Amino acid sequence: MTPLANIVRKHDIIITSYTDDTQLILSLTKDPASAKTNLQEGMKDVADWMRLSRLKLNSEKTEVLILGNTPSAWDDSWWPTALGTAPTPTDHARNLGFILDPLLTMTKQDNAVSSACFLTLRMLRKIFRWIPADTRKTVTHALVTSRLDYGNTLYAGTTAKLQNRLQRIQNASARLILDIPRSSHISAHLRHLHWLPVSKRITFRLLTHAHKALHDKGPEYLNRRLSFYVPTRLLRSSGLALAAVPRIRRSTAGGRSFSFLAAKTWNSLPTSLRTTQDHSAFRRLLKTWLFEQR
């Protein structure tokens with residue numbers, strides 16, 4: 001796949017790959033005309049490379065997702081005829097098991113997770129009466145609560161309504177493991193299981209990614225989006241390990257970006273946490289701090 005990546009990068013197209021799944025990312029906001037030219041020329045080169053490599057693009061499995069709420073100029077002319085029928089923009093696309101919609105509301109992902117988790121919980125309820133609590137916890141985490149943690153950084157900044165739906169899944173899981181009635185208050189039982197609530201689990205994952213990015217230990221695409229704040233002159237804040245918060249044009253869109261939200265959340269941490277460089281120690285101290293927050 002290395003030659004394919006080199007081809008599209010020549011045309012200012014971002015490429016990301018995971019095993020046999022390849023995605024091309026193109027920005028339409030600055031110059032749609034240039035973006036169209038880059039895509040056409042890049043895809044023509046891809047078609048030539050695939051022909052020489054005796055490969056064929058499966059147009060039926062090719063999807064186009066346009067992110068944002070502005071009308072797009074996308075039409076069939078964007079797609080070179082050498083690659084077959086032009087795909088029609090879809091209203092959602094699955095990215096490594098995570099469903100993305102054009103406005104990144106995560107509603108479709110939330111619906112899919114809720115449906116799958118509650119179905120699994122109903123099936124587990126039929127057999128859990130014969131299974132000890134420790135085994136219940138292991139099985140529930142493997143089949144249910146692990147779904148809440150998968151890609152949960154993408155839930156950061158979403159609506160309280162969406163996160164509350166995910167919280168109900170965690171509450172139902174805890175009640176099933178501990179065999180407690182629905183009327184009982186759940187907070188103490190979550191602490192007994194040593195489970196952070198869903199909103200704090202999202203914050204935990206966001207900040208662990210931020211810690212890696214600030215110390216250049218994460219993936220490059222995250223490392224370049226976060227940096228420590230460096231004042232122009234010597235100030236008392238120089239040694240506080242604060243993150244640089246970028247300016248955003250629209251709080252509704254930029255406010256959920258990793259570069260902004262991670263930096264703002266990072267700066268809300270106590271200094272003792274921000275100055276902890278060892279990642280394992282940071283994770284341990286962060287979880288303790290989140291448990292203490294009301």
Side-chain angles (χ1 to χ4, degrees), residues 18-19 21 92-101 104-212 218 265 279-294:
Y18 185 81
T19 60
D21 182 29
H92 68 277
R94 192 176 293 273
N95 183 7
L96 299 180
F98 212 97
I99 303 174
L100 303 177
D101 58 271
L104 299 179
T105 63
M106 305 304 168
T107 302
K108 291 184 179 294
Q109 170 67 14
D110 181 66
N111 292 339
V113 169
S114 297
S115 177
C117 287
F118 280 120
L119 176 62
T120 303
L121 287 171
R122 285 194 294 271
M123 292 189 294
L124 292 178
R125 189 176 298 278
K126 299 177 181 180
I127 63 172
F128 267 19
R129 68 183 68 179
W130 297 289
I131 298 177
D134 288 345
T135 306
R136 292 182 187 182
K137 183 176 180 180
T138 301
V139 173
T140 303
H141 177 69
L143 300 179
V144 181
T145 57
S146 60
R147 292 175 179 265
L148 303 181
D149 291 333
Y150 179 70
N152 66 351
T153 308
L154 295 177
Y155 295 124
T158 54
T159 62
K161 180 180 178 181
L162 185 147
Q163 294 188 21
N164 287 338
R165 290 188 66 187
L166 300 177
Q167 185 60 55
R168 286 197 290 271
I169 298 172
Q170 188 187 56
N171 295 348
S173 301
R175 291 189 173 100
L176 184 60
I177 292 170
L178 301 175
D179 193 21
I180 55 178
R182 294 182 62 180
S183 58
S184 61
H185 198 272
I186 198 62
S187 299
H189 298 293
L190 293 180
R191 292 185 68 88
H192 174 73
L193 292 170
H194 206 61
W195 285 0
L196 286 169
V198 168
S199 60
K200 292 184 178 181
R201 294 170 88 93
I202 295 171
T203 300
F204 176 82
R205 189 65 64 87
L206 178 68
L207 289 172
T208 53
H209 285 318
H211 186 272
K212 285 186 175 181
T265 310
H279 188 67
S280 297
F282 175 79
R283 286 173 58 92
R284 185 175 62 255
L285 293 172
L286 176 61
K287 190 170 185 178
T288 301
W289 182 77
L290 288 172
F291 265 116
E292 294 172 348
Q293 303 304 301
R294 295 294 180 182

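When a residue number appears, it is its place in the shown sequence, counting from 1. Bear in mind the structure is a predicted one, so any value in this text is a computation, not a measurement.
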Is there a side-chain contact between [X] and [Y] (heavy atoms, below 4.5 Å)?
| X | Y | answer |
| --- | --- | --- |
| L178 | L193 | yes |
| K287 | F291 | yes |
| F128 | V139 | yes |
| W195 | H189 | no |
| R136 | D179 | yes |

What heavy-atom pair brings [X] and [Y] nearest, and what distance separates the two atoms?
| X | Y | value |
| --- | --- | --- |
| N111 | R165 | OD1-NH1, 2.6 Å |
| Q109 | I99 | OE1-N, 2.9 Å |
| Y155 | I202 | CB-CD1, 3.5 Å |
| S184 | P181 | OG-O, 2.7 Å |
| G151 | F98 | O-CE1, 3.4 Å |
| I169 | C117 | CG2-CB, 3.6 Å |

Regarding N171 and R182, do their side chains bring together a donor and an acceptor under 3.5 Å, going by distance alone? no
Take L162 and T105 through the test side-chain contact (heavy atoms from CB on, under 4.5 Å) and record every step on the way to the result. CA-CA 9 Å; L162 185 147; T105 63; over 6 Å; no
What's the separation between atom [atom1] in [X] and atom [atom2] in [Y], rounded to the nearest 0.5 Å?
| X | Y | atom1 | atom2 | answer |
| --- | --- | --- | --- | --- |
| K108 | D101 | NZ | CG | 7.5 Å |
| I177 | T145 | CD1 | OG1 | 6.5 Å |
| D110 | T158 | CG | OG1 | 8.0 Å |
| R168 | S173 | CZ | OG | 13.0 Å |
| Q163 | N152 | CD | CG | 9.5 Å |
| S199 | Q170 | OG | CD | 9.0 Å |

Heavy atoms of other groups near K212 NZ, more than 12 under 6.0 Å: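 No, not enclosed.
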Around H279, counting heavy atoms of other residues, nucleotides and ligands shown, do more than 12 lie under 6.0 Å from its NE2? yes
Test side-chain contact (heavy atoms from CB on, under 4.5 Å) on R94 and L100 and set out the steps. CA-CA 6 Å; R94 192 176 293 273; L100 303 177; over 6 Å; no
Trace of the side-chain contact (heavy atoms from CB on, under 4.5 Å) decision for Y150 with L96: CA-CA 10 Å; Y150 179 70; L96 299 180; 3.7 Å; yes
From CA spacing to verdict: side-chain contact (heavy atoms from CB on, under 4.5 Å), Q293, W289: CA-CA 7 Å; Q293 303 304 301; W289 182 77; 3.1 Å; yes
